[in-house]
Enquirer: 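The structure follows.
Atoms within a ligand are numbered from 1 in the order they appear, just like the ligands themselves.
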Amino acid sequence: MALKQEGVAPRVGSGPSGAGSLSWGLRSALAVILALLPAPGLGQASPGRPTRPPLIVVSFDGFRWDYLDRGLTPSLSRLAAGGVRAQALVPSFPTKTFPNHYTLVTGLFPAHHGIVDNTIRDPATGALFHGSDTLAVRDPRWWGGEPLWVTAERQGGRAAAMFWPGSEAPIGGVLPTYWRRYDARLPDSLRVDQVLAWLDLPAAQRPSVLLVYLSDADDVGHRDGPDAPRMADAIRQLDAMIGRLVDGLRIRGLEGAADVVIVSDHGMAAIDTSRVVVLDDYLDPKAIILLTAGPFLAFDPRPGLEDSAARAVARIPHAHVYRRAETPERWRYRDNPRIAAFVGVADAGWQVVERLPLEIRPQLFTGGSHGYDPADSAMHGILIATGPAFRHGVVLGAVGNVHVYDLLCRAAGLTPARNDGSPDSVRGFFGGR
Ligand code: AMP
Ligand code: ZN
Ligand code: ZN
């Protein structure tokens with residue numbers, strides 16, 4: 001099937017140079033000017049204009065729940081004070097980026113939507129999925145369920161995704177009207193400006209559901225750890241992006257008139273090479289096909305070696321590794337053939353890794369990581385919901401991230417597709433409606 005072309009909205013800053021270069025600086029300056037100049041007529045009633053307020057979903061990859069309490073986030077705090085904040089957003093298992101971003105927009109546990117890890121081997125076809133493989137992420141066969149943007153498009157709206165796992169694939173034959181090829185180097189400011197530019201489109205083309213993905217908290221968290229001074233800078237910068245978004249909405253007459261929901265996919269735990277278990281000491285690397293190692297471990301034994309693998313994993317210290325059928329029930333991580341035959345987690349702060357990468361690049365195993373049990377509070381993320389759909393000045397308890405899709409659908413006036421969440425679990429976010 002032919003893919004729709006990338007978004008047709010005014011493009012800002014798609015180019016090959018790195019962040020911080022003069023060229024980006026100029027582009028950013030231009031983008032600020034463009035972003036600060038709303039299209040004529042915006043904020044006024046016009047024929048064909050979507051009647052509901054737009055819903056903007058912002059994801060901060062790897063933004064741990066307690067980063068909000070470090071006194072570094074004035075814009076987020078202001079939004080939270082005027083809306084609803086959950087104490088924590090509890091990720092689904094495994095606490096990785098692709099499974100959880102796709103759970104957030106489908107309401108399905110990873111076993112039910114099929115993105116069971118960032119790296120997947122489909123036993124039916126032998127095909128491999130990796131988040132960095134453009135062909136794989138655009139292949140709709142990997143992506144089950146119905147993501148928010150498909151729900152919106154099917155119900156007569158337009159959706160726009162400024163990066164989001166799944167948004168490049170025609171899922172159920174449907175792409176968001178506006179989307180962009182993933183480019184990790186595109187500065188956050190330009191991502192926010194693209195969202196604002198989409199809101200400047202003429203009414204008939206304007207999206208009503210918009211998503212934007214920012215990865216800095218994850219990038220810095222991995223490299224330096226959740227408590228490093230550089231983490232504070234990253235948190236401040238992400239907060240500034242919310243300030244930029246809110247300023248852009250204000251100029252367009254949309255501050256307080258748009259619903260803005262800020263989420264993260266998981267948290268981040270400090271790691272170091274003093275808490276590493278070498279997998280090779282327990283399992284012959286040639287006896288398995290290793291898919292993932294670290295806080296989260298997933299592998300398939302070579303044929304005939306299942307029982308010896310089961311005996312071996314029982315001896316791995318500082319970790320709990322199970323056959324797929326015996327994983328803890330609360331992980332909901334059994335009923336999909338794409339789940340590896342053996343899966344498990346290391347204890348908090350520990351990692352189970354192969355000897356070779358550990359010896360070649362030990363720096364990869366310091367700083368921060370995620371993939372631990374979702375019950376570990378270091379893996380918990382954020383959920384802030386603000387705008388006309390939501391109550392004001394409310395703090396709620398922890399929410400499981402399978403409920404976010406129902407929350408987003410209700411805010412956008414969409415009928416949710418069948419999913420694992422329940423609208424009742426997020427009723428407290430909404431007023432008397
Ligand atoms: P991880 O920390 O391994 O769970 O994954 C985080 C990484 O996924 C980030 O560094 C991003 O660069 C990458 N990533 C996030 N979204 C996408 C996407 N839509 N396409 C490709 N890569 C992505
Ligand atoms: Zn992530
Ligand atoms: Zn990460």
Side-chain angles (χ1 to χ4, degrees), residues 6-7 18-19 57-65 67 89-105 110 115-120 128-140 142-143 147-149 160-169 171 175-176 178-188 191 194 211-226 231 234 238 262-271 291-298 345 351 353 357 364-372 374 378-382 401 404:
E6 287 180 63
V57 188
V58 183
S59 165
F60 288 168
D61 195 322
F63 198 98
R64 203 167 74 183
W65 65 280
Y67 293 172
L89 185 59
V90 180
S92 298
F93 187 88
T95 54
K96 295 294 206 79
T97 296
F98 273 67
N100 278 285
H101 271 91
Y102 202 52
T103 290
L104 285 163
V105 293
I115 303 296
V116 299
D117 191 3
N118 290 349
T119 306
I120 313 169
L128 276 178
F129 172 94
H130 195 274
S132 59
D133 175 351
T134 305
L135 283 181
V137 299
R138 291 189 176 183
D139 182 344
W142 290 107
W143 308 89
L148 178 69
W149 53 85
M162 186 62 235
F163 307 151
W164 197 283
S167 62
E168 295 182 47
I171 297 166
L175 277 161
Y178 308 104
W179 60 280
R180 296 284 301 268
R181 182 193 174 132
Y182 186 67
D183 175 3
R185 296 164 306 176
L186 189 73
D188 291 349
R191 303 182 192 193
Q194 174 66 86
L211 300 103
V212 54
Y213 166 86
L214 309 177
S215 70
D216 310 62
D218 188 71
D219 300 338
V220 176
H222 279 294
R223 208 177 51 228
D224 298 315
M231 194 68 233
L238 285 166
I262 300 153
V263 293
S264 60
D265 52 348
H266 51 72
M268 189 65 66
I271 54 166
L291 290 156
T292 308
F296 171 58
L297 186 67
V345 287
Q351 301 168 84
V353 304
L364 282 182
F365 304 94
T366 62
S369 197
H370 53 91
Y372 296 106
M379 294 298 101
H380 294 180
I382 58 165
N401 72 352
V404 169

Enquirer: In terms of residue, atom name and distance, what is the protein heavy atom nearest to atom 3 (O) of ligand 1?
Expert: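 Atom 3 (O) of ligand 1 sits closest to the protein heavy atom Asn118 ND2, 3.1 Å.
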Enquirer: How close does the nearest protein non-hydrogen atom get to atom 10 (O) of ligand 1, and which residue and atom is it?
Expert: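 Minimum-distance protein heavy atom for atom 10 (O) of ligand 1 reads Asp219 OD1, 3.5 Å.
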Enquirer: To the nearest 10 degrees, how large is the angle at the Zn ion (ligand 2) between His266 NE2 and Thr97 OG1?
Expert: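 Taking the Zn ion (ligand 2) as the apex, I get 110° for this pair.
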Enquirer: Which ligand 1 atoms, with their elements, are less than 4.0 angstrom from a heavy-atom of His370?
Expert: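 Close to His370: 1 (P), 2 (O), 4 (O).
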Enquirer: Counting only heavy atoms, which portion of Val137 has something under 4.0 Å from ligand 1: side chain, backbone, both, or neither?
Expert: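 Neither part.
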Enquirer: Between His370 and Arg64, is there a side-chain heavy-atom distance shorter than 4.5 Å?
Expert: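 The answer is no, as the side chains (C-beta and beyond) never meet within the 4.5 Å cut-off.
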Enquirer: Do you know which N/O/S atom name in Asp265 is closest to the Zn ion (ligand 2)?
Expert: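 Nearest N/O/S atom of Asp265: OD2.
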Enquirer: Which option, Pro165, Gly371, Ala184, Gly368, owns the non-hydrogen atom nearest atom 19 (N) of ligand 1?
Expert: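 Closest candidate by heavy-atom distance is Pro165.
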Enquirer: So, regarding Asp61 and ligand 1 (criterion: nitrogen or oxygen to nitrogen or oxygen, under 3.5 Å), is there a contact or not?
Expert: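 For ligand 1, there is no N or O atom that lies under 3.5 Å from one belonging to Asp61.
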Enquirer: I'd like to check Ile382 versus Tyr67 (side-chain heavy atoms, cut-off strictly below 4.5 Å). Are they in contact?
Expert: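 Of all side-chain heavy-atom pairs linking Tyr67 with Ile382, none is under 4.5 Å.
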Enquirer: What protein heavy atom sits nearest atom 12 (O) of ligand 1, and how far away is it?
Expert: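 For this ligand atom, the closest protein heavy atom is Tyr182 OH, 2.9 Å.
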Enquirer: In this structure, which one of Phe163, Phe60, Trp143, Tyr213 forms a ring-ring contact (aromatic ring centres under 6.0 Å, His included) with His101?
Expert: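 Of Phe163, Phe60, Trp143, Tyr213, ring-ring contact (aromatic ring centres under 6.0 Å, His included) with His101 is met by Tyr213 alone.
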Enquirer: Which of the atoms of ligand 1 are close to Asp218, meaning less than 4.0 Å from one of its heavy atoms?
Expert: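 Near Asp218, the atoms of ligand 1 are 2 (O), 6 (C).
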Enquirer: Once rounded to the nearest 0.5 Å, what's the spacing between atom CG of Asp218 and atom OG of Ser59?
Expert: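 Reported value, rounded in 0.5 Å steps: 9.5 Å.
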Enquirer: Treating Arg180 as the side-chain partner and Met162 as the backbone partner, does any N or O pair qualify as donor plus acceptor under 3.5 Å?
Expert: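 Pair absent, no side-chain N/O of Arg180 close to backbone of Met162.
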Enquirer: Under 4.0 Å, heavy-atom basis, I'd like to know which part of Phe163 is in contact with ligand 1: side chain, backbone, both or neither.
Expert: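 No part of Phe163 is near ligand 1 at this cut-off.
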Enquirer: So, 2.8 Å as the limit: is an N/O/S atom of Asp218 located closer than that to the Zn ion (ligand 3)?
Expert: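 An N, O or S atom of Asp218 is closer than 2.8 Å to the Zn ion (ligand 3), so yes.
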Enquirer: Sub-3.5 Å donor-acceptor pair from the side chain of Glu168 to the main-chain atoms of Tyr182, do we have one?
Expert: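 Answer holds: yes.
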Enquirer: To the nearest 0.1 Å, how far is atom 21 (C) of ligand 1 from its closest protein heavy atom, and which atom is that?
Expert: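 Result: Gly131 O, 3.1 Å.
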Enquirer: Do Ser215 and ligand 1 have an N or O pair less than 3.5 Å apart?
Expert: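 No, no N or O pair falls under 3.5 Å.
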Enquirer: Specify side chain, backbone, both or neither for His222, according to which of its non-hydrogen atoms lie closer than 4.0 Å to ligand 1.
Expert: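 Contact part for His222 vs ligand 1: side chain (C-beta onward).
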Enquirer: Look at atom 5 (O) of ligand 1 and say which protein heavy atom is nearest, naming residue and atom and giving the distance to 0.1 Å.
Expert: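 I find the closest protein heavy atom is Thr97 OG1, 3.0 Å.
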Enquirer: Are the side chains of Phe63 and Ile262 in touch, meaning some heavy atoms are under 4.5 Å apart?
Expert: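 Contact flag for Phe63/Ile262 side chains = no.
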Enquirer: Quick check: of its N, O or S atoms, which one does Asp61 have closest to the Zn ion (ligand 2)?
Expert: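 Result: OD1.
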Enquirer: So, the side chain of Thr95 versus the backbone of Tyr372: is there a donor-acceptor pair under 3.5 Å, distance only?
Expert: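 Yes: the side chain of Thr95 pairs with the backbone of Tyr372.
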Enquirer: side-chain contact (heavy atoms from CB on, under 4.5 Å) for Thr97 and Asp61? Distances and angles first, verdict last.
Expert: CA-CA 7 Å; Thr97 296; Asp61 195 322; 3.2 Å; yes
Enquirer: Answer whether the closest heavy-atom distance between the side chains of Asp224 and Met231 falls below 4.5 Å.
Expert: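 The answer is no; the side chains never approach within 4.5 Å.
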Enquirer: Confirm or rule out an N/O/S atom of His222, from backbone or side chain, lying less than 2.8 Å from the Zn ion (ligand 3).
Expert: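 Checking the Zn ion (ligand 3) against His222, an N, O or S atom does fall under 2.8 Å.
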Enquirer: Given Trp179, Tyr213, Phe296, which one has a non-hydrogen atom that is nearest to atom 16 (N) of ligand 1?
Expert: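 Answer by nearest heavy atom: Tyr213.
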Enquirer: Taking the side chain from Asn100 and the backbone from Lys96, do they hold a donor-acceptor pair closer than 3.5 Å?
Expert: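 Checking the backbone N and O of Lys96 against the side chain of Asn100, a donor-acceptor pair under 3.5 Å is found.
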Enquirer: Measure the OG-CG distance between Ser92 and Leu104 for me, rounded to the nearest 0.5 Å.
Expert: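 That separation rounds to 8.0 Å.
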